[in-house]
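Quick notes on the structure that follows.
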Amino acid sequence: MATGYFFPHRHILGIDHLSAEDIEHILTIAESFKEISARPIKKVPTLRGNTIINLFFEPSTRTRLSFEVAAKRMSADTFNISASTSSATKGETLIDTARNITAMRPDIIIIRHAYSGAPHMLTRYVDAAIINAGDGTHEHPSQGLLDMMTVREHKGRLEGLKIAIIGDIMHSRVAHSNILGFTRMGSRVHVFGPATLLPPGLDRLGATVCTSLEEAVRDADVVMTLRIQKERQNDPLLPSFREYAREYGVTREVVALARPDALVMHPGPVNRGIELMPDVADGPRSVILDQVTNGVAVRMALLYLVTGNT
Amino acid sequence: MAENWLIKDGRIIDPKNGIDRQGDLLVLEGRIAAEGTPVPASARVVDASGCWVVPGLVDMHVHLREPGEEYKEDILSGTRAAAAGGFTAVVCMPNTRPVNDCRAVTEMILERARQGSARVYPVAAISQGSRGERLAEFGELKKAGAVGVSDDGLPVRDSQLMRRAMEYAGDFGLTVISHCEEPSLATGVMNEGEVATRLGLKGIPAAAESIMVYRDIALAEQTGRKVHIAHVSTAMSVELIRSARARGVRVSAETTPHYFTLTDEAVEGYNTLAKMNPPLRTEADRQAIRQALADGTFDAIATDHAPHSVLEKEVEFDLAANGIIGLETSLPLALALVREGLIDPRRLVELMSTGPAAVLGLSAGSLAAGAAADITVIDPEAIFTYTEDQVVSRSRNSPFLGWRLQGRAVLTMVDGRVTFSRLET
């Protein structure tokens, strides 16, 4: 890291706000923290006395747990709030909740919300550092970072790699964070999915939009599939899972088009047999569980950095 | 009792009567006096040097929120905002609570407007309750004072209903005003495109608007009746309207200052003050709108003044209400088009006074001798920053807060009565 660098962000709202230098710094710190989770006593005092609130407006198992494990391994005090968005027909609920939480002087609020931009709105009403744990169909920055960490761990670099992202690009906040992040780090991101799930402007975000699964996957270093949903809000996106699996599902034959040492990734939870076949998900190239392990390290790094450490 | 006024040394611009001259305008007993009429000693003098003296501005598309949502705006506050923006007349949309679909609501609006600072012309609903099922009673509404019909805010889904509305409205000399959006496509919260993708917000494609614009043009052509297309936002809509007019279809159209000033980039940062319906579009759309203002495709600049409180706007973007206030910024934003050389002052007056008056058959837009003295005096050079404390409307939901603007109304009068003034008189 260049001398004189300091991490300039108070909040982590999205990869879009992070420079290549910021990402590099986060990944380096995360890599150094990974060892903590391998110790017999998995705890360091770094964030002792910090109050961290997990404010989850959407159900989540692994992301919430991952943030909580990360916080506890750094000795922070963590509290979980699962709120329902169904009662939040008006946004005062979010603002009121945030203001009430702020009155208890937390240092970090980790928020997941069904609406894009909710974490951004929170920054206008609270003093705490905000970490976006997934907002609507916008971004999921910690997932993007842990994906980059996992790829770098296996490949030794990000620059020049071909990353194929397959599936529901439109509704995937993971895809959005990964397109921005990998592109910024010099990877070539190729995306493919049904036309109904490819939003306009992906090329402007830096991705190459492919016209076939083969084109996207051929010679790829990473094949990442996304969780698929059949329909959303009366929008007929796909006729059936059956057809999706047949036309867009990532099978062993599809993975064979990629480089021999290609990694198979998925942000989870996996619809086995639909977007990803079980033998591939559990196969030798799958790094899905490495992603989960690295998630803790990346989140430790983020907690460390937003509390003013460098 | 109206006073007598001598508005001195202004540039009098009255395109309807072919006037663009430097000089004085005399107002006697609430009416424009003929040139050369002796000035009575009682006349109060307004120094309009450096200013334009134009027929009172008309905004043919506002939401005054009364009855029902007076916490956002009411007829008095809304007409005060209109007067401050240089408007002497506003046309109010029927999506109040209850909906203006009957004589009682129309009359109540007009009764309240008698105390207001601008003339108020109500537009009544096309369908009962704006539910898109049965026609409202246009005959009775016309007699009560409605000047047009619209289910604004709610597109008329049923093509047969729209066709019947055009046919039946024509019998009473009412213009059908159409909010054009194909509802099954318009399910998003901003323009569909790169910005929506980046922000993770659901998009509304431009086709949602143009499909409906074409349907309504086809119906107007079929029936030989009139239709007015409200708040046009896309290049394709402009193209459809332009070609329909060229072949003689009786279609008129308006656009708004936000569509010729802003693009969907304004949503960046999840700015709910840039959320409206139809949504802000792309730069290519904005350029097409500007071109159509210059070439005569549009009849009017209207604001779609849509007051909302913080309860509707300081929320998650998906949940925020659509719309912005516009009465107080419309004139300065339109004057920017003049400074940029896109339109001349005569065309500006057409778009903001004569044009909308003609679409709805209002007696406005003229400084001819004997006409009611509805006059706006504009200082086209005045530079100011539009800040929250200056807002006259009850709501403050403007994306132009903090903007440095140039040109504004300095005196507004209705029937020779001053409704707004920045001048020492």
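A, B, ... follow the sequence lines: proteins, then strands. Residue 1 opens every chain.
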With only heavy atoms counted, which part of A/Arg124 is less than 4.5 Å from chain B, the side chain, the backbone, both or neither?
-> side chain
Output yes when B/Asp74 and B/Arg394 qualify as a salt bridge under the 4.0 Å nitrogen-oxygen rule, no when they do not.
-> yes
Side chain of A/His176, backbone of A/His138: donor and acceptor closer than 3.5 Å?
-> yes
Please determine, among A/Gly201, A/Ser172, A/Gly117, the option with the most heavy-atom pairs under 4.5 Å with chain B.
-> A/Gly117
Donor-acceptor contact below 3.5 Å, side chain A/Glu139 vs main chain A/Asp16 = yes
Are B/Glu73 and B/Arg396 within salt-bridge range, i.e. N to O under 4.0 Å?
-> no
Between A/Asp203 and chain B, which part of the residue has a heavy atom less than 4.5 Å away: side chain, backbone, both or neither?
-> neither
Choice from B/Val195, B/Thr197, B/Thr272, B/Leu201 maximising heavy atom contacts with chain A below 4.5 Å = B/Thr197
